[in-house]
Peer 1: 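One structure, pasted below without further comment.
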Amino acid sequence: MKRLIPYFITLAMLTALCPISHGANKATMQIIDSLRTELRNSATAIDSLPILCNLYDILPREASTKMGDSISLTAMRAGEYRVALDIIRTQASRKMRKDADLNALVELAMRCPDDNDRKETLTFITMMSNMRKANYSDNLERKDLLGKYLKKMTIDTPDDLYDRIALTHGICMMLSDDPNGDLLISYMDSLNALIKLMPSSSHSIRNIYNVHAATLFAGIHPEKSIVADLNFLENVSKLEKFHHENGRIYRNYHPTYYSIYTRLLSNFEVLDTAKVEEYYTKALDQLPYDPSIYNTHMMSPLPEVYHAMFYKDYHKALPLILVTSDSVLTRHGKLQMLKYEIESAKALGDKEVLLEASTEYAKALQDELEECAQSSYRELQTAYAIYEMKYRVGQMEIDKRSSVASLQRIIIIVSACALFILLVLAIFLFLQYLKNRNLANSLAESNQKLLTESENLRQSKSELIRARDAAQKANNLKSDFIKNMSYEVKVPLQAINEYSHLIADCTSGSSTTDSEPPASIRHLSHFADLIELNSELLSTIIDDVLRLAEIDSDSMPLHPQVVNLKLLCENTVASVKHRVKPGVTLSLDPACQRIDLFTDPTRVQQILNNLLTNATKFTKEGHITLSYSTDATGENVIFTVTDTGIGINPENREKIFDRFVKLDRESQGAGLGLTIGRLIARKLGGDLSLDTSYTRGARFTLTLPKK
């Protein structure tokens, strides 16, 4: 009963420190409901991600863990891979007890881009697996794993930094039974050196090391423990600031701060008063923020214990030690707490507590000594295994050197043979050099001649370019001259034509009313017709020259539209009727039906007009027929102009389309009609040709696409 009195006093004191959890829970539920309402109103993954992260931070651990993997997938869809990997690392720390869960998280992380953040996450998951194996495996399994890790580290050391960190951490975890072991301290120092090589942003792996080192060395190597905890505290502060700046305002760091400050206080023997007060105050400051911290503090008020022991306040310390639960203490922590209990009971003269604590301490110390003996034996075995592996590696190195020496002897022999061959080859090459030098002299002379000829060719090329440019300029001047002269000639030519008819009309009007006009008037009218005919011929030649100039300069405009071919052909036939010689008929084939064609009607009429005009020149009797029809495919329209004139020799079927070619020197015209007709036809997507199968005159075929 005497031991329970301090317990009730302590319980009353701790209850006074506890926040009213009901109000906090009610406020928390209001925040959760508000976040869920926002989540229902979000439309995209980007909008919902911050809300999901805040829910993950504020929901109870079990509920948030269930939705963690889904949040990671949502973050990936939003392109926020850093957030996804952060959630995956948190999930790994919560699910470390099951290998299957950790493997699923590895597959999830592999969906993210291959960068340092993903490597850090995969290494973090491996380290969680190491901790699971260390905490939940028996001694035999731990021994086998340690041997496996040491063998890999000694014989097949990974090249990748992250793989070396994971492997070294595995070795440290398997050696953690004996914090005083030199081997463990050596590998912890190696792990720390490797972690320092990582990018500064890799907080999670640094935090694992710092927590492990601080917990492992607390009370045993206090300086190492304090340094690790201060580093951990700095990283946690940076993470808290980063997450709050990015909207993670509900992420709870208070349990972490409570653990850090409590662990720092456990090293009070090497701390000064200011530090003890600072860490004690900051540890108690965390109690109002989280019920879980309060519950832990109620079960094991460690900050109060360390604070009281620092000031030798045994009246306060002993009751606190008595209510401290063994469930939150490590093996070393339990021994340390029993030691504090003995010290306090002795100082207070409480023999009953002293006897009970001493008995328990002796038993725990005996267990500790037995465990240390086993750990020392395992460490010796481990050291021997490392020595044996290093011996094997050394033996392999000796064998390798022996092989290298043997190989070097072979190389020396081969090199000597090669040297002899090279000497023979050098003599041969020298003789060849002499021969090549003579040849080079000859080539130099030839090269000089070629350079001279090349220079002459460059000069000739320059002259040809100048001549070409001059010819092009002359051609352009010629085209401009033709255009200008054509326009200048057409105007007076039209005036001559009109005035000649005007003179004939005036003379006819001044004559007598006899039924038969005088001979002079008839002659004058005939001369006016001749002037008109020749003017029209000259105008046609000028139009042909102008049209050819347009085609050459690629400036001839095309205005395609839907055309009624029957109407177009009838108009064309009518425009050429006056040129037909007596005894010759000109007609459109009556079998032609209406066909609509998408083309330029003016250009088609020019081609047909030229063909019909040529036919009237060389047909003295018979008939001239224009016809058209679609081909077998229905995609083209074929025009034919058939006459019964003098015909064209098949040998000249292509020559007649050349410029200024006239098979009959006496015929009128400049020899441009067929040339222009073919050029226009090809611009319209078709062609113009002579049908050599027709022998009773001449037949020209014009083919145009229907669309």
Side-chain angles (χ1 to χ4, degrees), residues 529-530 532-534 536-537 539-541 543-544 563-595 597 599 601-632 636-657 661-678 680-681 686-704:
D529 290 339
L530 289 176
E532 181 182 7
L533 180 61
N534 285 279
E536 186 178 349
L537 177 61
S539 180
T540 300
I541 293 172
D543 288 341
D544 287 346
V563 181
N564 183 343
L565 290 186
K566 188 166 185 179
L567 182 60
L568 183 142
C569 291
E570 287 175 350
N571 291 337
T572 305
V573 170
S575 68
V576 185
K577 281 274 189 182
H578 67 282
R579 293 178 177 273
V580 178
K581 294 181 176 61
V584 179
T585 60
L586 171 62
S587 63
L588 174 64
D589 188 349
C592 294
Q593 300 297 320
R594 171 170 177 161
I595 297 177
L597 179 67
T599 188
T602 303
R603 303 306 174 188
V604 175
Q605 194 165 7
Q606 287 174 355
I607 299 171
L608 297 177
N609 193 294
N610 281 342
L611 294 176
L612 292 173
T613 301
N614 283 348
T616 61
K617 290 180 185 178
F618 301 106
T619 305
K620 296 182 179 180
E621 59 182 16
H623 57 269
I624 302 171
T625 304
L626 169 62
S627 68
Y628 60 85
S629 63
T630 56
D631 63 0
N636 298 304
V637 175
I638 300 174
F639 298 84
T640 59
V641 176
T642 308
D643 63 51
T644 55
I646 60 176
I648 300 173
N649 192 327
E651 295 178 356
N652 297 322
R653 63 180 178 273
E654 290 299 325
K655 184 177 179 181
I656 58 176
F657 292 102
V661 171
K662 295 172 61 177
L663 299 180
D664 184 1
R665 295 293 180 183
E666 301 299 326
S667 64
Q668 296 176 341
L672 293 174
L674 292 177
T675 304
I676 294 171
R678 173 172 276 187
I680 294 175
D687 202 0
L688 178 63
S689 61
L690 174 67
D691 185 358
T692 56
S693 64
Y694 181 72
T695 58
R696 290 181 293 170
R699 176 180 289 162
F700 286 90
T701 301
L702 170 63
T703 304
L704 292 177

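Keep in mind that the numbers below use all heavy atoms, side chains included, and drop hydrogens, waters and symmetry copies.
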Peer 1: Within the structure provided, determine whether Thr644 and Glu621 are in side-chain contact (heavy-atom separation under 4.5 Å).
Peer 2: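 When only atoms from C-beta onward are counted, Glu621 and Thr644 do not touch, as no gap falls below 4.5 Å.
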Peer 1: Just verifying a value: how many Å separate Asn652 CG and Thr692 OG1, rounded to the nearest 0.5 Å?
Peer 2: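 Rounded to the nearest 0.5 Å, the CG-OG1 separation comes to 12.0 Å.
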Peer 1: Is any side-chain heavy atom of Asn571 less than 4.5 Å from a side-chain heavy atom of Gln605?
Peer 2: yes
Peer 1: In sequence, state the C-alpha distance, the side-chain angles, and the governing distance for Leu612 and Ile624, and then conclude on side chain to side chain contact (heavy atoms under 4.5 Å, CB included).
Peer 2: CA-CA 8 Å; Leu612 292 173; Ile624 302 171; 4.0 Å; yes
Peer 1: I need the Phe657 CZ to Asp687 CG distance, nearest 0.5 Å.
Peer 2: 8.0 Å
Peer 1: Apply side chain to side chain contact (heavy atoms under 4.5 Å, CB included) to the pair Phe700 and Ile648, showing each step before the final yes or no.
Peer 2: CA-CA 11 Å; Phe700 286 90; Ile648 300 173; 3.6 Å; yes
Peer 1: Rounded to the nearest 0.5 Å, what separation is found between the CG atom of Asp643 and the CZ atom of Phe618?
Peer 2: 9.5 Å
Peer 1: Can you name the residues that form a side-chain hydrogen bond (donor to acceptor under 3.5 Å, both in side chains) with Glu654, not counting sequence neighbours?
Peer 2: Arg678
Peer 1: Is there a side-chain contact between Leu690 and Ile656, using heavy atoms and a 4.5 Å cut-off?
Peer 2: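 Contact flag for Leu690/Ile656 side chains = yes.
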Peer 1: First locate atom CD1 of Ile646, then atom NZ of Lys617, and finally report the distance between them rounded to the nearest 0.5 Å.
Peer 2: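 The distance works out to 11.5 Å.
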Peer 1: For Asp589, check side-chain hydrogen bond (donor to acceptor under 3.5 Å, both in side chains) against everything at least two apart and list the hits.
Peer 2: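 Once residues adjacent in sequence are excluded, Asp589 has no partner under the side-chain hydrogen bond (donor to acceptor under 3.5 Å, both in side chains) criterion.
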Peer 1: For side chain to side chain contact (heavy atoms under 4.5 Å, CB included), just list the numbers for Val604 and Leu568, CA-CA rounded to whole Å, side-chain angles, deciding distance to a tenth of an Å, and then say yes or no.
Peer 2: CA-CA 9 Å; Val604 175; Leu568 183 142; 4.0 Å; yes
Peer 1: Output all residues satisfying side-chain hydrogen bond (donor to acceptor under 3.5 Å, both in side chains) with Thr640, sequence neighbours left out; order by chain, then residue number.
Peer 2: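 side-chain hydrogen bond (donor to acceptor under 3.5 Å, both in side chains) check on Thr640 returns Ser627.
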Peer 1: Might you confirm whether atom NZ of Lys620 has over 12 heavy atoms from other residues, nucleotides or ligands at distances under 6.0 Å?
Peer 2: no
Peer 1: Find the distance between OG1 (Thr572) and CD1 (Ile607) and round it off to the nearest 0.5 Å.
Peer 2: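 CD1 of Ile607 is found 10.5 Å from OG1 of Thr572.
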Peer 1: List for me each residue that meets side chain to side chain contact (heavy atoms under 4.5 Å, CB included) alongside Ile595, sequence neighbours excluded, and say none if there are none.
Peer 2: Leu565, Tyr628, Thr630, Val637, Lys706
Peer 1: Taking all non-hydrogen atoms of both residues, which atom of Leu704 and which atom of Ala681 are closest, and how far apart?
Peer 2: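 Leu704 and Ala681 have their closest heavy atoms at CD2-O, 4.2 Å.
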Peer 1: By salt bridge (charged side-chain N to carboxylate O under 4.0 Å, His left out), which residues pair with Arg699, not counting sequence neighbours?
Peer 2: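 With sequence neighbours excluded, Arg699 shows a salt bridge (charged side-chain N to carboxylate O under 4.0 Å, His left out) to Asp691, given in chain and number order.
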Peer 1: Between CG of Asn564 and CG of Leu597, what distance do you get to the nearest 0.5 Å?
Peer 2: 10.5 Å
Peer 1: Got Gln606 and Asn609 here, is their nearest side-chain heavy-atom distance under 4.5 Å?
Peer 2: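 Gln606 vs Asn609: side chains apart.
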Peer 1: If the condition is side-chain hydrogen bond (donor to acceptor under 3.5 Å, both in side chains), which residues does Asn614 pass it with, not counting sequence neighbours?
Peer 2: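 Asn614: no side-chain hydrogen bond (donor to acceptor under 3.5 Å, both in side chains) contacts found.
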Peer 1: Of all the heavy-atom pairs spanning Val584 and His623, show the shortest one and how long it is.
Peer 2: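 Taking every non-hydrogen atom into account, CG1-CA, 4.3 Å.
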